[in-house]
Amino acid sequence: MTKSELIERIIDKQDQLSVKDIEFAIKIMLDAMSETLADGDRIEIRGFGSFSLHYRNARTGRNPKTGESVILDGKFVPHFKPGKELRDCVNASIEP
Amino acid sequence: MALTKAELAERLNEEVGLNKREAKDIVELFFNEIRDSLIENQQVKLSGFGNFDLRDKSQRPGRNPKTGEEIPISARRVVTFRPGQKLKVQVENYAGSPDE
């Protein structure tokens, strides 16, 4: 499912808002989520999961083209931990 | 402070002009539709943000850490998140220490 398919599904499930409002609302939500992580804060969505930053230590990498060693600085990467409810219902879907 | 569903609804109220009820509904629908897609074993791709993928893990041997007793960890399906390029670039220059 892509972002536009997600937006379509949300449009189908409610009848009060215009397509334009829903599209804008989803953009605002995703922007707010990205900005929260960029500020080093967590996102906590009950029943769904939480997003936080994990630190990756500096390491020596290699330029794949030249084989030359390069020092890569430490950096933060986004991390998602599914909540119990999401974990349980996704796992339950494996059973026939 | 952590971003929650309540805070997201408030943003929709302020920035999109949805009333409180509509804002809350959209926030709920957003996460419920993502969850339902994952339950249907369909990955979710949110360009600019990231992808929610599914991985099937086969059964593996485990151990009760308290008793040392061997118990198999059953086969399971798990959700993984792969951040998109845009989000990765946005966070990698964060200089502080994350509030774990």
Side-chain angles (χ1 to χ4, degrees), chain A residues 1-11 13-14 16-17 21-22 24-56 73-82 85-87 89-95, chain B residues 1-5 7-8 11-12 15-19 21-23 25-27 29-50 52 54 56 74-84 86-88 90-100:
Chain A
M1 180 171 76
T2 61
K3 197 193 310 187
S4 43
E5 287 163 350
L6 170 63
I7 291 170
E8 270 171 42
R9 289 202 200 188
I10 296 173
I11 292 167
K13 293 245 163 105
Q14 67 83 55
Q16 314 150 58
L17 299 167
D21 276 351
I22 292 171
F24 188 43
I26 302 313
K27 181 192 179 325
I28 292 291
M29 283 182 67
L30 289 169
D31 285 352
M33 291 167 72
S34 298
E35 281 159 21
T36 296
L37 292 172
D39 288 342
D41 289 328
R42 295 167 55 87
I43 305 169
E44 284 172 7
I45 307 297
R46 190 162 294 257
F48 186 80
S50 60
F51 298 84
S52 59
L53 297 187
H54 280 187
Y55 187 68
R56 294 278 175 269
D73 293 336
K75 64 175 181 182
F76 287 93
V77 293
H79 177 79
F80 174 66
K81 183 169 188 279
E85 199 189 308
L86 179 63
R87 268 203 321 268
C89 49
V90 164
N91 191 38
S93 71
I94 203 175
E95 267 120 26
Chain B
M1 214 189 72
L3 183 69
T4 59
K5 286 198 270 198
E7 173 70 26
L8 282 167
R11 300 274 189 109
L12 296 186
E15 294 179 46
V16 188
L18 308 189
N19 69 37
R21 167 95 241 156
E22 293 164 341
D25 285 352
I26 292 296
V27 172
L29 273 173
F30 178 82
F31 292 106
N32 287 349
E33 292 301 320
I34 294 175
R35 185 197 59 202
D36 289 352
S37 175
L38 295 171
I39 291 172
E40 290 159 20
N41 200 19
Q42 196 184 37
Q43 75 166 165
V44 178
K45 303 201 283 188
L46 303 176
S47 67
F49 187 74
F52 295 93
L54 293 148
D56 285 342
S74 57
R76 60 193 61 209
R77 178 171 292 158
V78 296
V79 177
T80 59
F81 175 69
R82 281 177 61 89
K86 191 175 157 209
L87 179 61
K88 274 200 222 165
Q90 265 180 292
V91 308
E92 77 181 1
N93 295 317
Y94 173 67
S97 54
D99 50 333
E100 276 298 313

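Every chain is numbered from 1, with letters handed out A, B, ... down the list of sequences.
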- prompt: Which answer fits A:V77, side chain, backbone, both or neither, if we ask what part of it has an atom under 4.5 Å from a heavy atom of chain B?
  reply: backbone
task: Over all heavy atoms of both residues, which pair between B:R76 and A:I94 is shortest? Give the atoms and the distance, please.
output: C-CD1, 3.6 Å
statement: Under 4.5 Å to a heavy atom of chain B? For A:T2 that would be both
message: In the structure I gave you, are the side-chain heavy atoms of A:I10 and B:E33 within less than 4.5 Å of one another anywhere?
response: yes
task: Please look at A:P82 and chain B and tell me whether the side chain, the backbone, both or neither of the residue comes under 4.5 angstrom of a heavy atom of that chain.
output: side chain
- request: Between chain B and each of A:M1, A:K3, A:K81, A:H79, count heavy-atom pairs under 4.5 Å; write down the option with the most.
  value: A:M1
query: Given that the side chain runs from C-beta out, which part of A:L17 has a heavy atom under 4.5 Å from chain B: side chain, backbone, both or neither?
result: side chain
- prompt: Is it the side chain or the backbone of A:I43 that comes within 4.5 Å of chain B heavy atoms, both, or neither?
  reply: both
message: If I take atom OG from residue B:S37 and atom CD from residue A:E5, how far apart are they, to the nearest 0.5 angstrom?
response: 8.5 Å
- request: Name the region of A:I26, side chain, backbone, both or neither, that has any atom closer than 4.5 Å to a heavy atom of chain B.
  value: side chain
statement: Output for pair (A:M33 CE, B:F30 CZ), nearest 0.5 Å, gives 5.5 Å
message: Tell me the closest heavy-atom pair linking B:Y94 and A:A38, and the distance in Å.
response: CD1-O, 3.6 Å
message: Need one label for B:I39: side chain, backbone, both or neither, based on atoms under 4.5 Å from any heavy atom in chain A.
response: both
- prompt: Quick one: what part of B:E7 sits under 4.5 Å from any heavy atom of chain A, side chain, backbone, both or neither?
  reply: neither
- line: To the nearest 0.5 Å, atom CG of A:L30 lies from atom CZ of B:F49 at 6.5 Å
field: Residue that, paired with A:F48, satisfies side chain to side chain contact (heavy atoms under 4.5 Å, CB included) out of B:V79, B:I34, B:N32
entry: B:I34
query: Got a second to check how far B:D25's CG is from A:Q16's CD, nearest 0.5 Å?
result: 6.0 Å
query: Just wondering, do B:L3 and A:D41 contact through their side chains at under 4.5 Å, heavy atoms?
result: no
B:N41, part contacting chain A, at a heavy-atom distance under 4.5 Å: neither
message: I'd like to know which of A:K27, A:E44, A:E35, A:R46 tops the heavy-atom pair count under 4.5 Å against chain B.
response: A:E44
Structural part of A:D39 lying under 4.5 Å from a heavy atom of chain B: backbone
task: Working to the nearest 0.5 Å, report the span between CG of B:D36 and NZ of A:K13.
output: 6.0 Å
From CA spacing to verdict: side-chain contact (heavy atoms from CB on, under 4.5 Å), B:R35, A:E85: CA-CA 10 Å; B:R35 185 197 59 202; A:E85 199 189 308; 3.4 Å; yes
statement: Under 4.5 Å to a heavy atom of chain A? For B:L18 that would be side chain
field: A:N91 (side chain) donor-acceptor with B:R77 (main chain) under 3.5 angstrom
entry: yes
message: Return the CG to NZ distance between A:L37 and B:K88, rounded to the nearest 0.5 Å.
response: 14.0 Å
task: Over all heavy atoms of both residues, which pair between B:L12 and A:A25 is shortest? Give the atoms and the distance, please.
output: CD2-O, 3.4 Å
